[in-house]
Amino acid sequence: MKQVWLLLLLVLLAGCSSEKEKKGNLSHYIPDETSLLIKSTNFSTLSSDIKNNSFLAAFSKMPFHTFFSDNLEFAGYINPASEVLLSTTSENDSTHHLTLITRQHPGHSIPEKTLETLSYEDISLQRLTLNNSIIYTTMVDSVFIASSSQKILETLLLKRKNNKLKPISTQFERAYSTLGAQDISIMVNAERFSEVLQKAFPKTEKLPPFASWISLDAEVQPGQLKLNGIALAHDTIPQLLTVFNGTNPQKNLLAMVTPTSASGFVSYTYDDFDVVQKNLAPFQQKNDTLADNAALFASLNEIGVITKDSEKIIGMHAISGTITKELLEPLLENHSEFRDVSIKKLKDTAVFKNTFNPLITSTPTYAAQLEDFFVFTDNTSALEEIITQFLNETTLGNLPYYEEHMAKLSSESSILLMGILPNLKEHIIGKVSDANRKNVSDLKLGSHRLLALQFVYDSHFAHVNGIVMETQSQSRGTGVSQLFAINLENELLSRPQFFSNHISKGKDIVVQDVANKLHLISAQGRVQWTKQIDGPILGEIQEVDLLRNGRIQMAFATKNTFYILDRNGKEANPFPLKFKDDITQPLAIFDYDNNRNYRFVITQGRAILMYDSQGKSVSGFTFKKAESKVVLPPKHIRISNKDYILIAEENGKLNILHRTGKIRVGVNSKFDFGESQVYSEDANFVFLTSKDEKVSINQSGKVSTQNLGSSSKNVVWELSGNTKVTLDDNILRINNQKVELPFGLYTTPKISVSNRRILISITDLQQQRTYVYNSLGELLSNFPVYGTSIMELSDATNNGRPNGVVKGGSKEVVLYEVN
């Protein structure tokens with residue numbers, strides 16, 4: 001197909017006549033059936049602009065995008081000297097045509113081709129056949145036209161012959177005349193385009209025609225797509241845009257009660273309900289509108305619909321919440337209370353549908369007042385989520401990236417459509433045709449979070465503004481908010497970890513995938529680098545400062561290699577170290593005096609190997625081999641200025657050694673080691689056995705054992721400083737505080753410290769919910785959140801707020817911020 005378009009452009013260039021010819025009006029050759037028209041004044045950059053725009057590039061596999069991108073590939077070879085019009089028409093559900101219209105201009109010779117001239121009834125056109133593709137071309141009045149449809153060209157030539165060439169309609173001509181000198185402009189036949197969308201989204205509700213023509217100038221930048229233009233509606237034919245004729249736009253506030261889990265909303269504003277009611281009449285049956293509620297809706301200046309999953313939530317903003325509450329009272333009855341907010345039940349669930357049909361067709365059941373807002377839902381759980389986010393100031397309207405998008409638009413509008421892109425994608429999957437479902441599912445929208453389109457009604461037309469852009473803005477307020485969720489190419493093998501960034505003073509994120517690729521991701525959600533390593537990492541990645549200059553490296557071991565990498569993914573000399581025999585435990589790192597004079601310990605079955613920061617074997621460490629297989633990573637513990645190295649063996653022996661490797665504390669007992677590390681507690685060595693017994697060994701080697709009395713026989717714990725956390729089935733104990741969790745399958749608790757704030761996270765793998773508690777055992781606001789692994793917390797963004805990184809989907813890394 002690309003070769004065909006290149007060929008037809010060369011035909012255009014070669015077909016220039018030396019005679020002075022009549023110049024036709026390009027817009028008169030646009031097919032009447034056009035649903036979408038693209039005008040380009042700089043055609044040579046059109047293809048690259050689309051490819052380099054991060055939002056449009058995400059749709060590269062969608063049929064609509066492919067339809068254009070394949071046909072614009074020739075822009076790299078040929079640069080038309082004047083503006084180009086591209087018209088799309090639909091012959092049926094599966095057959096679409098593209099027609100190109102531009103000026104004839106000088107050019108190059110025609111390459112080898114298959115070219116046939118068709119002449120009949122005073123009509124002459126050419127048919128080009130190449131690689132089973134057929135394009136029809138003609139030249140008339142210095143206008144070059146090419147189309148994938150022979151019928152379209154024949155119709156245009158017959159009109160020209162009969163002197164009937166003219167714009168599609170008066171409305172089209174008026175809209176076309178408003179197009180500016182942007183590199184790219186777009187015109188949408190709203191009547192025809194709505195039919196195309198209905199076919200693409202067959203499960204969506206069918207609406208009356210919205211407008212006649214929408215003309216837009218597009219500003220395409222790599223990280224932003226901005227639209228500005230007008231929308232026109234017929235005066236005599238009912239179209240939804242005319243509902244706002246005679247009203248003044250108001251400020252859109254619906255985002256303040258829109259939960260971040262919603263896929264989007266549409267907001268309608270007005271200053272005179274009587275006018276809106278009159279304008280809605282042509283779309284309604286005579287008994288649809290209930291005049292008794294006119295006073296209620298006249299007390300509002302905004303009403304809209306929030307889409308969350310399959311539910312349509314109605315939100316209203318009152319001029320005065322007190323007045324609207326009084327007018328609404330007869331329609332409500334008491335139901336329950338949530339967080340001191342009264343939840344009501346709606347007696348007349350059809351009141352909105354009867355009044356605002358077809359703009360609103362929902363029949364909600366439950367209601368709540370939030371200051372000057374009133375929210376109506378199908379179920380109480382959705383209402384409780386909105387109440388929670390509203391009280392915690394974490395709704396969409398509180399987020400800076402919402403404010404950033406709105407700053408690009410008018411402060412007031414008659415209609416505002418807002419899509420929360422990550423959620424909207426999931427919502428659309430269930431609405432699209434079967435043919436497009438996989439393409440939508442595979443969309444990677446990156447840091448594009450919102451898509452906004454507004455209509456500001458003026459006299460007999462509406463101004464149109466649209467914006468979609470990349471944003472890394474953080475959330476604020478109380479509770480927790482998601483900063484980003486990024487999907488990698490492969491499924492994750494390990495949980496995401498933080499890694500110190502000495503430049504930003506924050507944290508990056510490091511994670512390994514199943515292809516044994518290591519990824520470093522910034523706190524803004526961008527993959528900084530990807531490095532192939534030779535196998536799965538044993539245990540966790542640890543941080544070192546080999547040069548003692550504050551520049552942190554990551555250290556870890558795989559089955560056969562000991563790696564140290566800098567923050568750019570480069571190997572620190574003389575590492576990596578390769579090993580013939582298998583490494584059987586995670587890398588252990590000892591920093592005896594906290595002076596970064598590291599000792600790196602490699603375990604190979606029974607053998608213990610120790611290396612210094614130069615990668616040289618430490619000859620002074622005499623413990624070379626255990627009696628049996630080492631079952632836990634060697635551990636260094638310091639108690640009262642004394643160093644102890646602990647090595648647990650499969651035969652039950654616990655070696656407690658000097659720095660030199662000689663026995664420091666003799667222990668005569670044998671133990672059934674589980675997965676618990678050895679910790680220090682009250683100047684003793686403590687650990688849990690596989691039988692859920694707590695073992696305590698003092699510095700003289702005396703052993704005491706305590707049966708924990710667990711009914712589950714599945715006790716796990718973690719100690720860090722003075723903080724001790726244990727989990728026994730669903731009972732979480734943080735120091736002396738007992739927390740009863742819902743029954744589930746939980747990860748080991750994780751103790752994190754962020755800005756001297758101790759936080760404890762734990763994830764229910766069955767319900768995919770991550771909980772975060774403070775050191776007093778209090779659940780942080782807005783938790784649990786979505787998560788499928790242990791969550792680590794730290795101040796990744798260096799703004800004083802903790803961030804939590806966790807695995808989301810199988811390929812997904814999610815970063816939250818705790819406000």
Side-chain angles (χ1 to χ4, degrees), residues 249-271 273 276 293 295-308 311-332 334-346 349 351-352 355-356 359-360 362-399 402-403 406 411-418 420 452 454 475-479 782:
Q250 306 293 303
K251 188 171 183 179
N252 304 91
L253 298 170
L254 192 62
M256 299 306 297
V257 289
T258 299
T260 53
S261 59
S263 56
F265 68 78
V266 55
S267 160
Y268 308 107
T269 72
Y270 53 84
D271 65 339
F273 175 70
V276 172
N293 296 308
L296 167 64
F297 297 115
S299 73
L300 309 177
N301 54 17
E302 180 183 17
I303 189 168
V305 179
I306 303 164
T307 301
K308 183 183 182 301
E311 184 176 359
K312 302 293 185 183
I313 299 167
I314 296 175
M316 308 188 316
H317 183 260
I319 300 170
S320 168
T322 302
I323 294 174
T324 301
K325 179 183 179 181
E326 293 176 357
L327 294 168
L328 190 59
E329 197 67 32
L331 300 176
L332 303 176
N334 292 329
H335 178 267
S336 59
E337 191 172 277
F338 177 76
R339 298 194 177 181
D340 296 327
V341 176
S342 179
I343 295 179
K344 307 286 187 177
K345 197 167 184 179
L346 195 60
T349 60
V351 60
F352 301 104
T355 304
F356 288 95
L359 299 180
I360 297 176
S362 305
T363 55
T365 304
Y366 301 97
Q369 179 181 0
L370 299 169
E371 297 177 2
D372 289 334
F373 294 95
F374 296 83
V375 183
F376 303 83
T377 63
D378 292 340
N379 58 76
T380 56
S381 61
L383 198 54
E384 289 172 359
E385 179 184 353
I386 293 172
I387 292 170
T388 298
Q389 290 199 20
F390 184 85
L391 295 178
N392 289 334
E393 298 181 357
T394 57
T395 55
L396 178 64
N398 287 288
L399 304 185
Y402 175 81
E403 296 174 359
M406 292 304 297
S411 59
E412 300 175 341
S413 62
S414 307
I415 305 173
L416 174 64
L417 295 97
M418 186 70 62
I420 305 175
Q454 67 175 182
S475 305
R476 57 177 169 82
T478 59
N782 278 28

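Just the heavy atoms: all of them, side chains too, but no hydrogens, waters or symmetry mates, feed the values below.
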| field | Any side-chain donor near an acceptor of the partner, Ser263 and Lys308, under 3.5 Å | value | no
Please examine the side chains of Met256 and Asn398, heavy atoms only from C-beta on, and report whether any two atoms are closer than 4.5 Å. yes
For Thr269 and Ser413, the nearest pair of non-hydrogen atoms, with its separation, is OG1-O, 2.7 Å
d(Ser342 OG, Ile387 CD1) to nearest 0.5 Å is 9.0 Å
In short, Leu332 meets Ala367 closest at the heavy-atom pair CD2-CB, 4.0 Å
In short, Thr258 meets Thr395 closest at the heavy-atom pair O-CB, 3.4 Å
### Message
Looking at Glu412, I want to see if its CD is surrounded by more than 12 non-hydrogen atoms of other residues, nucleotides or ligands under 6.0 Å.
### Response
yes
Taking side chain as C-beta onward, heavy atoms only, is Ile303 less than 4.5 Å from Leu359? no
dist Lys344:NZ -> Glu337:CD (nearest 0.5 Å) comes out at 9.5 Å
With heavy-atom distances below 4.5 Å as the criterion, would you say the side chains of Leu331 and Leu346 are in contact?
yes
(Q) Taking Ser267's backbone N and O only, do any of them form a donor-acceptor pair with Glu302's side chain (distance below 3.5 Å, no angle check)? (A) no
Shortest non-hydrogen pair, Ala382 vs Ile313, comes out as CB-CD1, 4.4 Å
So CD of Gln454 and CE of Met406: to nearest 0.5 Å the spacing works out to 6.0 Å
Between Ile306 and Val257, the two heavy atoms sitting closest are CD1-O, 3.6 Å
Measuring only between side-chain heavy atoms, which start at C-beta, is Phe352 closer than 4.5 Å to Pro364?
yes
If you look only at distance, which donor and acceptor atoms sit under 3.5 Å apart when one is on a side chain in residues 316-328 and the other is two or more places apart or in another chain?
| unit_1 | atom_1 | unit_2 | atom_2 | d |
| --- | --- | --- | --- | --- |
| His317 | ND1 | Asn301 | OD1 | 3.0 |
| Thr324 | OG1 | Ser299 | OG | 2.8 |
| Thr324 | OG1 | Ser320 | O | 3.3 |

- Where do Leu370 and Ile386 land on the side-chain contact (heavy atoms from CB on, under 4.5 Å) test, with the steps shown first? CA-CA 10 Å; Leu370 299 169; Ile386 293 172; 4.1 Å; yes
Note: Pro259 and Glu385 closest approach over all heavy atoms is CB-OE2, 3.8 Å
* Asked: Do Thr355 and Phe273 have side chains that get closer than 4.5 Å, going by heavy atoms?
  -> yes
From the list Asn252, Leu396, Val266, side-chain contact (heavy atoms from CB on, under 4.5 Å) partner of Met418 resolves to Leu396
Would you call the rings of Tyr402 and Phe265 parallel, tilted or perpendicular, where under 30° means parallel and over 60° means perpendicular? tilted
Per side-chain contact (heavy atoms from CB on, under 4.5 Å), Tyr366 is matched among Val375, Thr380, Asp378, Thr349 by Thr380
Can you find a heavy atom in the side chain of Tyr268 that is under 4.5 Å from one in the side chain of Phe356?
-> no
